[in-house]
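As C-alpha cells, the structure follows; a few thoughts come after it.
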Amino acid sequence: MMTLTFPDGNQREYSVGTTGMDVAESISKSLAKASVAIEVDGELRDLMRPIEGNAAISIVKRDDEDGLELIRHDAAHILAEAVQELFPGTQVTIGPVIENGFYYDFARDEPFSTEDLEKIEKKMHDIVDANENFVREVWNRDDAIKHFKSIGEHYKAELIADLPKDETITIYRQGEWLDLCRGPHMVNTKQIGHAFKLMKVAGAYWRGNSDNAMLTRIYGTAWRTEKELEEYLTMLEEAEKRDHRKLGKELELFHFQEEAQGSVFWHPKGYTIYNQLENYIRRRIYDDGYVEVKTPQLMDRKFWEASGHWGKFRENMFVVPDVVPNTDEDGPVFKEEPKDFMALKPMNCPAHVQIFKQSIKSYRDLPIRMAEMGCCHRNEAHGALHGLMRVRQMVQDDAHIFCREDQIRDEVKRFIALFNNVYKDFGFEDIKIFLATRPDVRAGADEVWDRAEKAMADALDDLGIAFEYAEGEGAFYGPKYEFHLKDAIGRSWQCGTCQLDFVLPERLDASYIGEDGNKHRPVMIHRAVFGTFERFIGILIESTGGKMPMWLAPTQCVVAPITSDAEGYAQKIYETLKEKGLRADIDLRNEKINFKIREHSLQKVPKIFVVGKREEEAGTVAIRTLGGKDQEILSLDEAITKIVDMAKPPF
RNA sequence: GCUGUCGUAGCUCAGUGGUAGAGCACACCCUUGGUAAGGGUGAGGUCGGGAGUUCAAUCCUCCUCGACAGCACCA
C-alpha cells in the first residue's frame with residue numbers, strides 16, 4: 001500500500017500502482033470525467049500512469065491553467081498527425097506550447113498553402129472525434145533512433161541522439177501515430193475539444209540557427225471553450241486596429257517610403273508628439289543632474305576601430321567612403337576605389353568619451369551624467385524592420401554616466417527612480433524587467449562581473465522591484481537591465497535600458513584622478529529611458545489606440561462654429577487658446593456640425609469647443625470631450641482655465 | 001538575411017488575357033445645418049520596376065524592389 005496526500009492535507013491509502021484516474025474515480029465520477037492529468041510530488045504526469053509510492057498529489061482538471069497547457073500540447077501532436085496523414089513524406093520536428101497556443105515545425109519541400117491549412121484543421125477535428133487514447137511508452141534509445149531513421153524521421157532521430165544520456169526516452173502513441181515526447185498528455189484526443197484554429201504558416205530555422213535548414217512552421221491557437229477562442233480572435237481583431245502603422249497613417253503622424261526604408265518621415269502631427277516627448281524628457285533629466293551634448297554623425301573609421309565597433313559591430317553600420325564622388329555624367333560613382341572610410345554613428349558612447357577626455361577629471365567631478373538626444377544609424381536586416389518599432393535611423397534619449405565603481409549602486413538606483421517616474425507618467429504598468437548577466441564571450445575579470453551583477457540586482461531589490469534574470473544575455477562589456485513593453489498584439493519590445501560598461505573607458509583611455517592622486521578608470525553606465533523616440537512613440541500609439549493624453553495630443557482643441565454667424569466668436573476663442581499656448585485649431589469649413597464632430601473625433605482630438613449663436617450670446621462654449629456623449633457648457637473663462645490646466649504636461 | 005504571402009487612384013479595396021472600377025479624400029457649385037457622414041458635378045491610375053510568352057499582359061512565367069507574418073538578428 002501507499003499513502004497519497006491530497007492538496008487539502010487529507011491522506012488516503014491506495015495499492016501501489018494505482019493510476020491517477022483510479023484515484024479520481026475513487027473520489028467521484030464527475031471528477032474522473034473532468035480530470036486530464038495529475039501532479040505527483042510537483043511533477044505533472046499522465047493520469048493513466050501508475051503511481052509507484054507515497055506521494056503528494058493533485059488532480060489536474062481540464063479547466064485548470066495546467067489543463068490549458070495540455071490542450072495546447074496535445075493539439076500540437078494531432079496537428080503533426082494530421083499533417084503526416086495528409087502529406088506523407090513530411091518530417092516532424094518539434095511542436096511546443098507557446099503563449100495563446102502552439103506550433104509545430106515540419107520539414108517538407110513544398111510549403112503549405114492556406115487551403116492546406118484548412119484541410120489540416122479539418123483533419124485535426126476528425127482525429128479529436130476519433131477519440132484515441134494517448135499511450136506512454138518507454139523505449140530503448142538505440143531502438144528509438146533506429147525506428148525513426150527507418151521511417152525517414154531524421155530530425156527526430158537527431159533529437160533523440162542529442163538527449164542527455166540519463167534521460168528516459170518516452171514515446172506517445174495516439175492510435176497508429178507516435179511521436180517522441182516528454183509528456184505528459186491528457187487521456188485521449190477527445191479531451192482536446194474543438195476550440196482550436198490554425199493561424200498561419202511561417203519559416204523557422206531548425207534549432208533556431210540560421211545556418212540550418214529552414215523548416216515550415218504552422219501556428220495554432222487553442223482554448224478550453226469556443227467562447228475563449230472567440231474572445232481571443234476578437235481581441236486580435238481589436239488589437240489590429242491599434243497597430244501604430246495603421247494609426248500613423250490614419251492620424252497623419254508619419255510615413256515610410258521605400259527610398260528610405262527604416263527611416264521615419266515625421267509629419268507635423270507626429271513630430272508634435274515627438275517634440276513634446278523630447279521637451280518632457282529634457283525637463284526630467286535636467287532636473288536629475290544631467291548635462292546635454294551633441295556629437296558628430298559621421299566619424300572616421302579609425303575612431304570606430306579604437307572604440308571596437310569596427311570589429312564587433314561593423315555589419316550593423318553604414319560605412320561611407322571618404323572621397324569626393326566622380327561628377328562625370330554616366331561615369332562610375334567614384335573615380336578610384338575608395339581607401340578611406342567614415343561611418344555613421346550607430347551609438348553615441350564613444351563620442352561621449354571624447355568629451356569626457358577633453359580635460360583632466362577629478363574624482364570630485366564624478367559622476368558626470370552626459371545626455372544626448374542622439375541620432376544613430378544601424379544597418380538592420382531588411383526582415384527585421386518593423387514600423388516605428390525597428391528602424392534604421394533612430395534617436396535615443398541616451399546618456400552615459402561616468403562614475404567611480406563605488407557610485408554604481410547609487411547611480412543605478414537613481415536611474416531606476418527616474419525611469420519609474422517617467423513610465424508612471426505614461427501609465428505603463430505592464431513592464432517586464434530583465435537583468436541580463438555575463439555572456440560566454442565577455443571582457444573583464446569575473447570578480448568585476450560579480451560586483452557589477454550584484455550591484456544591479458541589489459539596486460532593484462532595495463527598491464522592491466521584481467525582475468527576472470536573462471542569463472548570458474548581457475553585453476560583452478557588462479550586465480544590463482532591459483525594460484520591455486508590449487505592443488498591441490502582445491509582442492514584447494525592449495525600450496529602456498541601463499548597462500554597465502567597464503570596457504569602453506579602458507579602450508578609449510578615459511581616466512580621472514582619484515583621491516590618491518593616481519589615475520583611475522571611470523565606469524560608464526549606458527542608459528536610456530524611452531530607449532528610442534521611434535519605438536517609444538510606437539508603443540505609446542498602440543497602448544493609447546491613438547488617443548494621446550492631452551499634453552501630447554497633436555491638436556488639443558478644435559473650435560468648431562455651427563454656422564458662419566458664429567465665426568467671429570469662434571475666431572476670438574481660437575486666438576485666446578493660441579495665446580494661452582494651446583495647440584488649437586479652428587474649423588471654418590462650410591460643413592455641418594455633425595460632420596465636423598465626426599471628423600475631429602476620428603482624428604482623436606481630445607476637446608472640441610462647439611459654438612453657435614446661443615454660446616455667443618451667453619458668452620459660453622459647449623465642450624465635447626473625445627469618447628464622451630455629453631457636452632459640458634462652461635463660461636468662456638472657465639473653459640479656457642480648465643483646458644489650459646488639462647493640457648499641462650505631467651512634469 | 002531566410003521562408004511564405006502580397007503590391008491596382010492620396011487612402012481602403014473590387015476586377016479581367018482584348019490597354020480599368022467603387023467608396024472615402026480632393027476641386028467646384030448648391031446647402032447656414034445644434035454634437036459621429038447634407039446634395040450635385042468634376043478631376044484623378046503606363047495596375048511597384050524590368051524582361052519574357054502571346055496578335056494582344058494589370059492578369060501567365062522569370063528576375064528585381066518594397067510591404068506584411070514568422071524565423072535569425074537586436075550594441
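Here is the naming used below: chain letters follow the sequence lines, and residue numbers restart at 1 for every chain. Note: hydrogens, waters and symmetry copies are ignored here, and every other heavy atom, side chains too, is used.
Spacing between B:A14 and B:U8 at atom C1', rounded to whole Å, works out to 10 Å. B:C62 and B:A57 are spaced 14 Å apart, taking the C1' atom of each and rounding to whole Å. Distance check on atom C1': B:U41 versus B:C6 gives 36 Å, rounded to whole Å. Across B:C63 and B:G4, the matching P atoms stand 11 Å from one another, rounded to whole Å. Here, B:G7 and B:C59 have their P atoms 11 Å apart, quoted to the whole Å. Going from the C1' atom of B:G50 to that of B:C65 covers 10 Å, rounded to whole Å. Straight-line distance between the C1' atoms of B:G23 and B:G44: roughly 15 Å, to the nearest whole Å. When the P atom is compared between B:A20 and B:A43, the two are found 16 Å apart, to the nearest whole Å.
Distance, A:Arg108 CZ to B:U3 P: 17 Å, rounded to whole Å. Distance A:His244 NE2 to B:C68 C1': 12 Å, rounded to the nearest Å. As a whole-Å value, the separation of A:Phe256 CZ from B:A67 C1' is 12 Å. Separating the CG atom of A:Asn594 from the C1' atom of B:G39 is a distance of 15 Å, rounded to the nearest angstrom. Atom C1' of nucleotide B:G70 and atom CG of A:Leu198 are separated by 15 Å, given to the nearest angstrom. In this structure, A:Phe434 atom CZ and B:C74 atom P are separated by 16 Å, rounded to whole Å. A:Asp565 places its CG atom 12 Å from the P atom of B:G34, with the value rounded to the nearest Å. As a whole-Å value, the separation of A:Asp243 CG from B:C11 P is 16 Å.
Formation of a donor-acceptor pair under 3.5 Å by the A:Gln556 side chain with backbone atoms of A:Met550 is found in this model. The closest donor-acceptor contact from the side chain of A:Glu380 to the backbone of A:Arg390 lies at 3.5 Å or more, if one exists at all. Under a 3.5 Å cut-off, the side chain of A:His244 and the backbone N or O of A:Gly387 do not form any donor-acceptor pair.
Taking every side-chain heavy atom of A:Arg598 into account, B:A37 is the closest of B:G33, B:A72, B:A37. Checking B:C65, B:A72, B:G70 against the side-chain heavy atoms of A:Glu258 singles out B:C65 as nearest. Each of B:U12, B:A69, B:G33 was ranked by its minimum atom distance to the side chain of A:Lys249; first place goes to B:U12. Nearest nucleotide to the side chain of A:Leu602, out of B:G70, B:A36, B:A72: B:A36. If you check B:G38, B:G34, B:C73 against the side chain of A:Ile562, the one that comes closest is B:G34.
Cation-pi contact between A:Arg217 and A:Tyr103: present, with separation from the ring centre below 6.0 Å and deviation from the ring axis of at most 45°. A cation-pi geometry, defined here as NZ or CZ lying under 6.0 Å from the six-membered ring centre and within 45° of its normal, holds between A:Lys312 and A:Phe476.
A:His526 and A:Asp398 share no donor-acceptor pair across their side chains, judged by distance under 3.5 Å alone. Between the side chains of A:Gln499 and A:Tyr477, a donor-acceptor pair is found at a separation under 3.5 Å.
B:G10 is paired with B:C24 under the criterion used here, namely a Watson-Crick or G-U wobble arrangement in which both key atom distances are under 3.5 Å. Of all nucleotides present, none satisfies the Watson-Crick or G-U wobble test against B:C47 with each distance under 3.5 Å. B:C60 and B:G52 make up a base pair, with Watson-Crick or G-U wobble contacts both under 3.5 Å. Base-pair partner of B:G17: not found among the strands shown (Watson-Crick or G-U wobble, both distances under 3.5 Å). B:U32 makes up no base pair with any nucleotide shown, lacking Watson-Crick or G-U wobble contacts both under 3.5 Å. The partner of B:C71 is B:G1, by the rule that a Watson-Crick or G-U pair needs both atom distances under 3.5 Å.
Among the heavy atoms of the strands, none lies under 4.0 Å from A:Ala560. Counting non-hydrogen atoms under 4.0 angstrom, A:Glu599 reaches nothing in the nucleic acid. Within the 4.0 angstrom heavy-atom criterion, no nucleotide atom of any strand lies near A:Glu240. A:Lys613 comes within 4.0 angstrom of a nucleotide base, judged by non-hydrogen atoms across all strands. At the heavy-atom level, A:Ala475 lies under 4.0 Å from the strands shown only through sugar-phosphate atoms. Within 4.0 Å (heavy atoms only), A:Arg245 reaches sugar-phosphate atoms of the nucleic acid but no base atom. A:Phe595 comes within 4.0 angstrom of sugar-phosphate atoms only, judged by non-hydrogen atoms across all strands, and of no base. Nucleic acid contact for A:Ile593: sugar-phosphate only, since backbone atoms but no base atoms lie under 4.0 Å from a heavy atom of the residue. Residue contacts shown for A:Tyr477 are limited to sugar-phosphate atoms, with no base heavy atom under 4.0 Å away. Heavy atoms of A:Pro346 sit nowhere under 4.0 angstrom from any nucleic acid atom. Using a 4.0 Å heavy-atom distance criterion, A:Arg491 is classed as a sugar-phosphate-only contact. Among the protein residues, A:Val610 comes within range of the nucleic acid bases, having at least one heavy atom under 4.0 Å from a base atom. A:Tyr219 comes within 4.0 angstrom of the backbone, heavy atoms only, and of no base. Across all strands shown, A:His600 has no heavy atoms under 4.0 Å from either base or sugar-phosphate atoms.
The pair A:Glu473-A:Lys480 does not count as a salt bridge, with every side-chain nitrogen at least 4.0 angstrom from each carboxylate oxygen.
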Next on the checklist: Is there a side chain to side chain contact (heavy atoms under 4.5 Å, CB included) between A:His267 and A:His255? Walk through the geometry before answering.
Outcome noted: CA-CA 7 Å; A:His267 293 205; A:His255 86 268; 2.7 Å; yes
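A donor-acceptor contact under 3.5 angstrom links the side-chain atoms of A:Arg390 to the base of B:C73. A donor-acceptor contact under 3.5 Å links the side chain of A:Ser564 to the base of B:U32. Side-chain to base pairing of A:Arg624 with B:A36: one donor and one acceptor N or O lie within less than 3.5 Å of each other. Judged by atom type and distance alone, A:Glu615 reaches the base of B:G34 through a side-chain donor-acceptor pair under 3.5 Å.
In this pair, A:Phe112 and A:Phe87 present their aromatic rings perpendicular. The plane angle is above 60°, beyond the 30 to 60° band.
When each of A:Ser601 and A:Gly383 is assigned the nucleotide of RNA chain B with its nearest heavy atom, A:Gly383 is the one assigned upstream, toward the 5' end. Of the two residues near RNA chain B, A:Ala381 and A:Thr563, the one whose nearest nucleotide lies more 5' is A:Ala381.
The side chain of A:His386 places no N or O atom within less than 4.0 Å of a non-bridging phosphate oxygen (OP1 or OP2) of B:A67. OP1 or OP2 of B:U35 has not a single side-chain nitrogen or oxygen of A:Gln631 nearer than 4.0 Å.
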